[in-house]
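The sequence lines fix the lettering, A, B, ..., with proteins before strands; numbering per chain opens at 1. Excluded from the calculations below are hydrogen atoms, water molecules and symmetry mates; all remaining heavy atoms, backbone and side chain alike, are included.
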Protein chains: 2
Amino acid sequence: MLSLSEENYLKAIYHLSEQGKTNVSTNLLAEHMGTKAASASDMLKKLSQKELIDYGRYQGANVSESGKKMALQIIRKHRLWEVFLVEKLKFNWNEVHEVAEQLEHIKSPLLIKRLDEFLNFPKKDPHGSPIPDEHGEIKEKPQFPLAEKPPGFEGLVVAVKDPGNHFLEYLDKIGIYLGAKLKIVDRITFDGSSEVIIDNKKTLFLSKEAGANILLSE
Amino acid sequence: MLSLSEENYLKAIYHLSEQGKTNVSTNLLAEHMGTKAASASDMLKKLSQKELIDYGRYQGANVSESGKKMALQIIRKHRLWEVFLVEKLKFNWNEVHEVAEQLEHIKSPLLIKRLDEFLNFPKKDPHGSPIPDEHGEIKEKPQFPLAEKPPGFEGLVVAVKDPGNHFLEYLDKIGIYLGAKLKIVDRITFDGSSEVIIDNKKTLFLSKEAGANILLSE
DNA sequence: TTCAATTTTTAAATGAATCTAAAATTATTA
DNA sequence: TAATAATTTTAGATTCATTTAAAAATTGAA
Ligand SMILES: [Mn+2]
Ligand SMILES: [Mn+2]
Ligand SMILES: [Mn+2]
Ligand SMILES: [Mn+2]
């Protein structure tokens, strides 16, 4: 059984791998965990001993098959709890992550099975991220950062790439939500920002950064 | 902020105090926690330093005012989660305690406020124990162990004193549940057992121990 | 009321998770 | 490619929760 710290580190390594980074470095991991490199280095050794990651000194880490499975189960729990908080307890989507960070460590297979049933087997968390099934399988339709699509493109807002608090608050403020219909009207060459229309109604300008963080369906 | 261990020890001291024991002893506490006396002794010193208990070397411990408040908040969370598990996730009443033992440590005032609302402000947990309100107030109607009431007495089953797994399973098996109407028909002098009728239907014999653990309303 | 049994505390160790500082290794750049 | 810079690991401490063993205090029985 993994400790709370082991679970959090393993999840971080998995998430960093997903973001393209292969051979996750000690410094990057420490930064993500809010700890120092020495601590991350110790943990890499420990997770490696448990064969949850492939790791060699100075070489960086990658999740192993069993590590990936473990990580996905933790992520499954995290996202199911986030759905619960929003759907049942009326949390705002920017209030759920911290609490889910705690709830994801509760040990009870029955609890997760029943929670999944209670929530009617949701496929997405409140930020549009897919919820792995009990075997760690993820099915996700193709989605694209708004900033990468040309003017004229129309799609639905299906997720945010990095669901940070401030970004979600900003989306609330400007009226962008999951499921909103969004048409790209123009791309400003000067700064890479986008002019968009939401639900055929409101026109908005989104910075390059915002556009990179909003994911659209085809 | 209290650590997980501190919370569990404090709660244990509170529960033991409630069971009549004044000046909770190191050994008794250790036994309840499944640890050794040395560990309990260390923890008593620590909780005393934080002024959550009144304690002097060799003198035993009693919860202080602030300690009682803390303990009742943890118990509030524990019991709200138990209600959630039974009412919403269809757990049996004998499956909830272990999971609630974990869930009670989740730190989020908003979560508990919303959970309480979601459950429609329950006053009792699935074993009939009262749920303290947000100020730590408990209101409970008088209740009596079945074994202490004479033949002829009629009342409702309102709680079990010590909701251990095996006892709850046993109650399920013989058809006793919270809210059942129960009439005491006879008391057997030989072994202190009781003959009872449930819901004016089924006649049963209950051991002295079982009778002491079933609480009836007036 | 004394002294032996019991209880409680303290001392010394261990393992987990963290830190700072120093050493080792790898990467960069002049 | 050799020195320097950056990264990573290791060494040595610290804090927390636990243990075993020994010492101290209390209790209670003769
Ligand atoms: Mn999250
Ligand atoms: Mn977490
Ligand atoms: Mn319980
Ligand atoms: Mn607990």
List the residues meeting side-chain hydrogen bond (donor to acceptor under 3.5 Å, both in side chains) with [X], not counting sequence neighbours, and say none if there are none.
{"X": "N62(A)", "result": "T22(A), N23(A)"}
{"X": "Q143(A)", "result": "E140(A)"}
{"X": "S194(B)", "result": "R187(B)"}
{"X": "K50(B)", "result": "E6(B)"}

Exercise. Answer with base, sugar-phosphate or nothing: what part of the nucleic acid does T35(B) contact at a heavy-atom distance below 4.0 Å?
Key: sugar-phosphate
Using residues 121-134 of chain A as the side-chain source, report each donor-acceptor pair under 3.5 Å to any protein atom, sequence neighbours left out, with the distance given to one decimal.
residue, atom, partner, partner atom, Å
K123(A), NZ, F121(A), O, 2.9
D125(A), OD1, H127(A), N, 2.6
D125(A), OD1, G128(A), N, 3.1
D125(A), OD1, S129(A), N, 3.1
H127(A), ND1, E82(A), OE1, 3.4
H127(A), NE2, W93(A), O, 2.9
D133(A), OD1, H135(A), N, 2.7
D133(A), OD1, G136(A), N, 3.0
D133(A), OD1, E137(A), N, 2.9

Quiz item: Could you run down nucleotides 2-8 of chain D 5' to 3' and tag each one B, S or - for protein heavy-atom contact under 4.0 Å?
Solution: -----SB
Self-check item: Set of residues satisfying side-chain contact (heavy atoms from CB on, under 4.5 Å) with respect to K149(B), sequence neighbours excluded
Solution: F144(B), F153(B), I184(B), E218(B)
Practice problem: Go through the structure and list residues passing side-chain contact (heavy atoms from CB on, under 4.5 Å) with D191(B), not counting sequence neighbours. | Solution: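 Scan of D191(B) (side-chain contact (heavy atoms from CB on, under 4.5 Å), adjacent residues dropped) gives I188(B), S193(B).
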Self-check item: Qualifying salt bridge (charged side-chain N to carboxylate O under 4.0 Å, His left out) pairs, either residue in residues 69-78 of chain A, two or more places apart
Solution: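 For residues 69-78 of chain A: R76(A)-D116(A).
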Practice problem: Whole angstrom is fine here: how far is it from CD in E31(A) over to C1' in dT18(C)? | Solution: 18 Å
Quiz item: When you measure from every atom of DNA chain D, which of residues 4-23 of chain B have a heavy atom less than 4.0 Å away?
Solution: S5(B), Y9(B)
Dump every N/O contact between nucleotides 12-14 of chain C and the protein below 3.5 Å, one line per pair.
none

Self-check item: Residue-phosphate contact under 4.0 Å: K36(A) side-chain N/O, dT20(C) OP1/OP2
Solution: yes
Exercise. Name the closest nucleotide to the L44(B) side chain, picking from dT10(C), dT18(C), dT9(C).
Key: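 The answer is dT9(C), which lies nearest to the side chain.
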Check: residues 26-43 of chain A side-chain donor-acceptor pairs under 3.5 Å, at least two apart:
residue, atom, partner, partner atom, Å
T35(A), OG1, Y9(A), OH, 2.9

Practice problem: Salt-bridge test for K107(B) and E7(B): reply yes if a basic N is under 4.0 Å from a carboxylate O, no otherwise. | Solution: yes
